[in-house]
Student: 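One structure, as structure tokens, below. Some questions next.
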Protein chains: 2
Amino acid sequence: MSSITNLDFFARRLSQRAALDEEDRAAVSALPFQHRYLNPSAYVVREGEPPRPHCSFVLSGLAFRHKLTVHGARQIVSIHLAGDLLDLQHLFLNIADHSVQALTELEVADIDRDALREMALERPAVGQALWIDGLVDASIYREWVLNVGRRDARARIAHILCEIAVRMHAAGVIDAADFHLPMTQEQLGDATGMTSVHVNRTLKALAKDGLIDHSGRWIAIQDWNKIRREGDFNPLYLHLDQVAPHLPGPLSSMFP
Amino acid sequence: MSSITNLDFFARRLSQRAALDEEDRAAVSALPFQHRYLNPSAYVVREGEPPRPHCSFVLSGLAFRHKLTVHGARQIVSIHLAGDLLDLQHLFLNIADHSVQALTELEVADIDRDALREMALERPAVGQALWIDGLVDASIYREWVLNVGRRDARARIAHILCEIAVRMHAAGVIDAADFHLPMTQEQLGDATGMTSVHVNRTLKALAKDGLIDHSGRWIAIQDWNKIRREGDFNPLYLHLDQVAPHLPGPLSSMFP
DNA sequence: CGATTGATTGAGTCGGCTCAAGATTGGTGG
DNA sequence: CCACCAATCTTGAGCCGACTCAATCAATCG
């Protein structure tokens, strides 16, 4: 496990979203932080808790946000990957309304909350970059409400696969449409409001029809145009132009 | 139709969320704006459009946000009432990823976008107040993903009724748990991912069991404890302590 | 090697949908 | 004030997508 000494990675990230000047970048890079590794299913944030003294930025790995009903049913409300801030909400809200857990082994930079907060308010360019981050998160939630509320099982699964593939690609985590999905079928069900049994049947059906190639926990997208159509996937809501301005690779041509 | 000459109302609203000093308040009150009335179902924001030159603040009436699937199914993703900003997203995002429409007759203040944006970035207290607004919106989206993804019809309807009643109360729009709901059953269905037919049957069932009193478009909550339990409603996600610090009236005792 | 976690498959059930027909309601023009 | 129209609400009948329950298989790991 290598170590990092400053937040250049985070500063670069913010620079993609707004025009940070040299001073902004230096200030961001110099933010106090702690480098930390978490095991799968470790909690980053726990519902009902007051904010932690830090705000976690993902360096590598995946995490997910979830809420529970009183009957114990779980709904995953978003997935996060390298480059995402895991608890922007806690920069300004007094209590956690949901939990965040590591999905895979997770590498984070725990940035000092008060320092980040001050920077968000006192440095306009940094503030704007964080605003964009927060607003895109909200946009993704809206799309998920639509996904879970108005699409059938097949479209839901197709849609979430598209989203994850495109976001991984935008984050530079994968190069092609073919990727390893580190989620269990139960987690996929919790993200789409389905049971794991039905996720299984739906994946099989998508595979049979040639949209994906899937065995065990490996998923590759076979036919982008088909799956995008079936999943009613329009990447507009990801606001990629503002988040990852210069998309390289094969997917970029698919989503102009 | 009376007219307003400045944004004192908006400044007061922001003051509930963060500590604005005299200068902040004066600056907010002096923001350029236009007073406007919209008819029911008029569009405030249209999906796919670039941002308008203003950002609308609701003075009275209700509005809703929605998205459509490619098949034309509609999902309402949030409801807004007096005191809400309708397009905070467009302060920093370049394209609308959803539409906003008036639900009832709607009175708004169209605040100059660039001026508000500058104020959000340059005045920390204003920035913080807007952050809180945006983060609470996001929290509500998350709860809706859970509502639509993991609760059955009865709980979904109960939950949304609780949310609307509590938010109306917090916004000072109603005094009691008994309120007129200006939504059609079809709209209620679009907000909960159900058909209007099933909304109808569900409302009838809730009425029969004494949770609500309902005839035509009038809904009164009969038994708060029951409906709150059936709807799995926990107002934590509304972050009322940060949004409406001093709740008056009968509901406040129910949600400490 | 046993144990645990996740994937797979079958059979049966049901919540919520579709389709379709009336009944109400509110608004409008004469 | 009434007749009429367009929404909206209401109710019934039948169906189906997704769920539940339950068993089996596969992979991983101390």
Side-chain angles (χ1 to χ4, degrees), chain A residues 39-41 64 69 71-76 101-105 147-161 180-209 212-220 230, chain B residues 39-41 64 69 71-76 101-105 147-160 180-209 212-219 230:
Chain A
N39 289 324
S41 90
F64 66 96
T69 68
H71 302 299
R74 180 173 69 167
Q75 177 69 45
I76 293 178
Q101 270 180 289
L103 185 60
T104 61
E105 170 131 319
N147 199 39
V148 162
R150 287 299 188 204
R151 296 200 183 102
D152 65 18
R154 201 176 159 93
R156 282 187 214 180
I157 295 289
H159 190 280
I160 198 174
L161 293 180
H180 170 61
L181 187 71
M183 296 172 74
T184 65
Q185 295 182 357
E186 182 167 12
Q187 289 165 339
L188 219 38
D190 285 343
T192 50
M194 301 165 53
T195 58
S196 62
V197 171
H198 202 54
V199 168
N200 184 281
R201 297 197 227 267
T202 305
L203 285 174
K204 289 258 178 247
L206 291 175
K208 186 167 76 65
D209 297 344
I212 61 175
D213 191 351
H214 144 263
S215 72
R217 225 159 302 168
W218 190 276
I219 294 186
E230 292 247 15
Chain B
N39 289 323
S41 89
F64 65 96
T69 67
H71 303 298
R74 180 173 70 167
Q75 177 69 45
I76 293 179
Q101 268 180 291
L103 184 59
T104 61
E105 170 132 320
N147 199 38
V148 161
R150 287 298 189 206
R151 295 199 182 104
D152 64 19
R154 201 177 159 91
R156 282 186 214 180
I157 294 290
H159 190 279
I160 198 174
H180 171 63
L181 186 72
M183 295 173 75
T184 66
Q185 295 180 357
E186 182 167 12
Q187 289 164 340
L188 218 38
D190 285 344
T192 50
M194 301 165 54
T195 59
S196 61
V197 172
H198 203 53
V199 168
N200 184 281
R201 297 196 225 268
T202 306
L203 285 174
K204 289 256 176 254
L206 291 175
K208 187 166 75 64
D209 297 344
I212 61 175
D213 191 352
H214 143 265
S215 72
R217 225 158 298 165
W218 191 274
I219 293 186
E230 293 247 14

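Here the structure is a predicted model, which means the values were calculated and not measured. A note on names: the letters A, B, ... follow the listed sequences, proteins ahead of strands, and every chain is numbered from 1.
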Student: For B:Thr195 and C:dC17, is the shortest distance between a side-chain N/O and OP1 or OP2 below 4.0 Å?
Tutor: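 The answer is yes; a side-chain N or O of B:Thr195 sits under 4.0 Å from OP1 or OP2.
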Student: Would B:Asn147 and A:Thr69 count as a side-chain contact (heavy atoms from CB on, under 4.5 Å) if you check the C-alpha gap in whole Å, the side-chain angles of each, and the deciding distance to 0.1 Å?
Tutor: CA-CA 8 Å; B:Asn147 199 38; A:Thr69 68; over 6 Å; no
Student: Go through it in stages, so that I can follow the logic: the residues are B:Gln75 and A:Val148, the test is side-chain contact (heavy atoms from CB on, under 4.5 Å), and I'd like the CA-CA distance, side-chain angles, deciding distance and then a yes or no.
Tutor: CA-CA 10 Å; B:Gln75 177 69 45; A:Val148 162; over 6 Å; no
Student: Rounded to whole angstroms, how far apart are NE2 on A:His198 and P on C:dG10?
Tutor: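 My rounded result for the distance is 15 Å.
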Student: D:dA7 C1' sits how many Å from B:Leu103 CG, rounded?
Tutor: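 Taking atom C1' of D:dA7 as the reference, CG of B:Leu103 is at 15 Å.
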Student: Can you tell me how far C1' of C:dG15 sits from CE of A:Met194, to the nearest Å?
Tutor: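 Those two atoms, CE and C1', are 16 Å apart.
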Student: Rounded off to whole Å, could you give me the CZ-to-P distance for the B:Arg151 and C:dG15 pair?
Tutor: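 In whole Å, C:dG15 P lies 19 Å from B:Arg151 CZ.
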Student: A:Arg154 or A:Val197: which one's nearest nucleotide on DNA chain D is closer to the 5' end?
Tutor: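 Result: A:Arg154.
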Student: Please check the phosphate of C:dA7 (OP1 and OP2 only) for any side-chain N or O of A:Asn200 closer than 4.0 Å.
Tutor: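 So the side-chain polar atoms of A:Asn200 never come under 4.0 Å of the phosphate oxygens OP1 or OP2 of C:dA7.
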Student: Could you check whether the side chain of B:Arg201 and the base of D:dG12 have a donor-acceptor pair of N or O atoms closer than 3.5 Å, going by distance alone?
Tutor: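 A donor-acceptor contact between them is present.
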Student: Is there a donor on the side chain of B:Arg156 or the base of C:dG16 sitting less than 3.5 Å from an acceptor on the other?
Tutor: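 No, no donor-acceptor pair under 3.5 Å.
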Student: Atom CD1 of A:Ile157 to atom P of D:dG17: distance rounded to whole Å?
Tutor: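 A:Ile157 atom CD1 is separated from D:dG17 atom P by 16 Å.
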Student: If you compare all heavy atoms of A:Ala191 against all heavy atoms of A:Met183, which two are closest, and at what distance to 0.1 Å?
Tutor: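 Of all heavy-atom pairs spanning A:Ala191 and A:Met183, the closest is CB-CE, 4.4 Å.
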Student: What pairs of residues pass the side-chain hydrogen bond (donor to acceptor under 3.5 Å, both in side chains) test when at least one of them lies in residues 197-209 of chain A, not counting sequence neighbours?
Tutor: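 Of all non-adjacent pairs touching residues 197-209 of chain A, those that pass side-chain hydrogen bond (donor to acceptor under 3.5 Å, both in side chains) are A:Arg154-A:Asp209, A:Gln185-A:Asn200.
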Student: Under a 4.0 Å heavy-atom cut-off, which of residues 180-188 of chain A touch DNA chain D?
Tutor: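 Output list: empty, so none.
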Student: Check whether any side-chain N or O of B:His214 sits under 4.0 Å from OP1 or OP2 of D:dT10, and answer yes or no.
Tutor: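 Yes.
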Student: What is the distance, to the nearest angstrom, from the CG atom on A:Asp152 to the P atom on C:dG16?
Tutor: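 Roughly 17 Å, once rounded to whole Å.
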Student: Both A:Lys204 and B:Ala153 contact DNA chain C. Taking the nearest nucleotide for each, which residue is further toward the 5' end?
Tutor: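 Taking each residue's closest nucleotide, the earlier one in sequence belongs to A:Lys204.
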Student: Could you walk me through whether A:Ile157 and A:Met194 satisfy the side-chain contact (heavy atoms from CB on, under 4.5 Å) test, starting with their C-alpha distance in whole Å, then the side-chain angles of each, then the deciding distance to 0.1 Å, before giving a yes or no?
Tutor: CA-CA 9 Å; A:Ile157 295 289; A:Met194 301 165 53; 4.0 Å; yes
Student: Pick base, sugar-phosphate or nothing for B:Gly189, based on heavy-atom distances below 4.0 Å to the nucleic acid.
Tutor: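 No contact.
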Student: Taking CG from A:Leu203 and P from C:dT9, how many angstroms apart are they, rounded to a whole number?
Tutor: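 From A:Leu203 CG to C:dT9 P: 12 Å.
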Student: So, for A:Ala73 and B:Arg150, which heavy atoms are closest and what is the spacing to 0.1 Å?
Tutor: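 Minimum heavy-atom contact is CB-CD, 4.1 Å.
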Student: Can you check side-chain contact (heavy atoms from CB on, under 4.5 Å) on A:Ile160 and A:Arg156, steps first, answer last?
Tutor: CA-CA 6 Å; A:Ile160 198 174; A:Arg156 282 187 214 180; over 6 Å; no
